[in-house]
Number of protein chains: 2
Amino acid sequence: MSGTHTDVPAPPTVPSVLAHDLPRPVPADEFAACPVGETFRRVGDRWSMLLVILLGQRPHRYNELHRAIEGISQRMLTRTLRNLETDGLVRREVHPTVPPGVEYSLTPLGGTLLEPLSALADWAVRHEVEIEEARAHALRDRRAQR
Amino acid sequence: MSGTHTDVPAPPTVPSVLAHDLPRPVPADEFAACPVGETFRRVGDRWSMLLVILLGQRPHRYNELHRAIEGISQRMLTRTLRNLETDGLVRREVHPTVPPGVEYSLTPLGGTLLEPLSALADWAVRHEVEIEEARAHALRDRRAQR
DNA sequence: CTGAATCCTCTATGATACTG
DNA sequence: CAGTATCATAGAGGATTCAG
């Protein structure tokens, strides 16, 4: 965050991404100052982390991933993989067989993500119950107060 | 998925999450019920992680946070703080002064998140350049191909 | 100062159908 | 098998206004 300036006069950013489905129409990186926020927004969607974790175990074929995740649509699987590929985290290899076989795997860079990601995942598992309890508690209180 | 005998003989369908080499055994749940995915969806939005990191440095007042983040709307700041509070990660203390002062801080549970989060943030900072380069490269290739 | 309420836009994601 | 193309929708998130 490079902030500290309280008077950013709304630069004419926002190039109005009217293009519906383009791959990353360059999101006017005025906000890209903080790499942490940037990265979280890039890998912080619903599927990226799971894909990285899956591919961290071993390379996978497209439909293998599709079956393994069970709940992701083809559209999002493809899109997420392409994003990860663009960011240099995932490699896509096409084998010119018939029918074509495509194998996805982590790049070395992607491999380095695996460790901090595991730390987070580990945290999630370890504190799952506490969070559940906190939520239950909060919701109970909220009801009681009305 | 009936009789199509491909070369992949009935894969275990439920790949264990994070089976590579964690310090602790991680229960291989189904992905749908995976606490990892759940937690990521809860804390994986645009602001939660940044707030936790900020509050990890020291307690903050509401407007302090608003100024510090530069880009978040009041609406989302309040909403995100409430979510974190509900999940037991953030504590909200109202001081009955005039005008009222509200202080936000991490709970002990929230404090435990700080470490894995820092690992991720660290990764983001360390590999920022590589990612940028990968993206630039990919975009260049994409243009050249047309 | 710390929000709540309202309205609105854009984005992420899904469903479905089609293709090399 | 490995995608694309198209349509549709819920919800994230912002802007603005009101209030204790």
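Every chain is numbered from 1, with letters handed out A, B, ... down the list of sequences.
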Visitor: Give the nucleotide from the list C:dC1, D:dA12, C:dG14 with an atom nearest to the side chain of B:Pro99.
Guide: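 Per side-chain heavy atoms of B:Pro99, the pick is C:dC1.
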Visitor: Without decimals, in angstroms, what is the distance between B:Leu51 CG and D:dG13 P?
Guide: 11 Å
Visitor: Quickly work out the B:Asn83 CG to C:dG3 C1' distance and round it to whole Å.
Guide: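 The answer, rounded to whole Å, is 16 Å.
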Visitor: Any ring-ring contact (aromatic ring centres under 6.0 Å, His included) involving residues 89-124 of chain A? Give me the pairs, sequence neighbours left out, ordered by first then second residue.
Guide: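 Applying ring-ring contact (aromatic ring centres under 6.0 Å, His included) to every pair that reaches into residues 89-124 of chain A, excluding sequence neighbours, yields A:Trp123-A:His127.
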Visitor: What is the distance, to the nearest angstrom, from the CZ atom on A:Arg46 to the P atom on D:dT9?
Guide: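 One finds 18 Å between P of D:dT9 and CZ of A:Arg46, rounded.
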Visitor: Any side-chain heavy atom of A:Ile69 sitting closer than 4.5 Å to one from A:His66?
Guide: no
Visitor: For a side-chain contact (heavy atoms from CB on, under 4.5 Å) with A:Tyr62, tell me which candidate from A:Glu103, A:Arg67, A:Arg92, A:Gln74 qualifies.
Guide: A:Gln74
Visitor: What's the CG-P distance between A:Leu77 and C:dG14, to the nearest Å?
Guide: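 About 10 Å, once rounded to whole Å.
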Visitor: Could you check whether A:Gly44 gets within reach of a base, just the sugar-phosphate, or nothing at all, counting any heavy atom under 4.0 Å?
Guide: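 It contacts nothing in the nucleic acid.
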Visitor: Take atom NE2 of B:His66 and atom P of D:dT16, then tell me their distance rounded to the nearest Å.
Guide: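 After rounding, the gap between these two atoms is 12 Å.
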Visitor: In this structure, how many angstroms lie between the P atom of D:dG13 and the CZ atom of A:Phe40, rounded?
Guide: 14 Å
Visitor: With sequence neighbours excluded, what pairs up with B:Thr86 under the side chain to side chain donor-acceptor pair (under 3.5 Å) test?
Guide: A:Arg142
Visitor: Report all interatomic pairs (protein N or O, nucleotide N or O of nucleotides 2-5 of chain D) with separations under 3.5 Å.
Guide:
unit_1 : atom_1 : unit_2   : atom_2 : d
D:dA2  : OP1    : A:Arg61  : NE     : 2.6
D:dA2  : OP1    : A:Arg61  : NH2    : 3.1
D:dA2  : OP1    : A:Val102 : N      : 3.1
D:dA2  : OP2    : A:Asn63  : N      : 3.1
D:dG3  : OP1    : A:Arg82  : NH2    : 2.9
D:dG3  : OP1    : A:Arg92  : NE     : 3.2
D:dG3  : OP1    : A:Arg92  : NH2    : 2.5
D:dG3  : OP2    : A:Tyr104 : OH     : 2.6
D:dG3  : N7     : A:Gln74  : OE1    : 3.1
D:dG3  : N7     : A:Gln74  : NE2    : 3.2
D:dG3  : O6     : A:Gln74  : OE1    : 3.1
D:dT4  : OP1    : A:Arg82  : NH1    : 2.6
D:dT4  : O4     : A:Gln74  : OE1    : 3.2

Visitor: Quiz question: by atom type and distance under 3.5 Å, do the side chains of A:Asn83 and A:Thr80 form a donor-acceptor pair?
Guide: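 Note: A:Asn83 and A:Thr80 side chains miss the donor-acceptor criterion.
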Visitor: Starting from P on C:dA15, measure out to CZ on A:Arg79 and report it in whole angstrom.
Guide: 16 Å
Visitor: With a 6.0 Å cut-off (strictly less than), is the heavy-atom count around CD of B:Glu115, excluding the residue itself, greater than 12?
Guide: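 Atom CD in B:Glu115 is not crowded, with 12 or fewer foreign heavy atoms closer than 6.0 Å.
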Visitor: Can you tell me the distance, in whole Å, between the CZ atom of B:Arg42 and the P atom of D:dG11?
Guide: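 One finds 15 Å between P of D:dG11 and CZ of B:Arg42, rounded.
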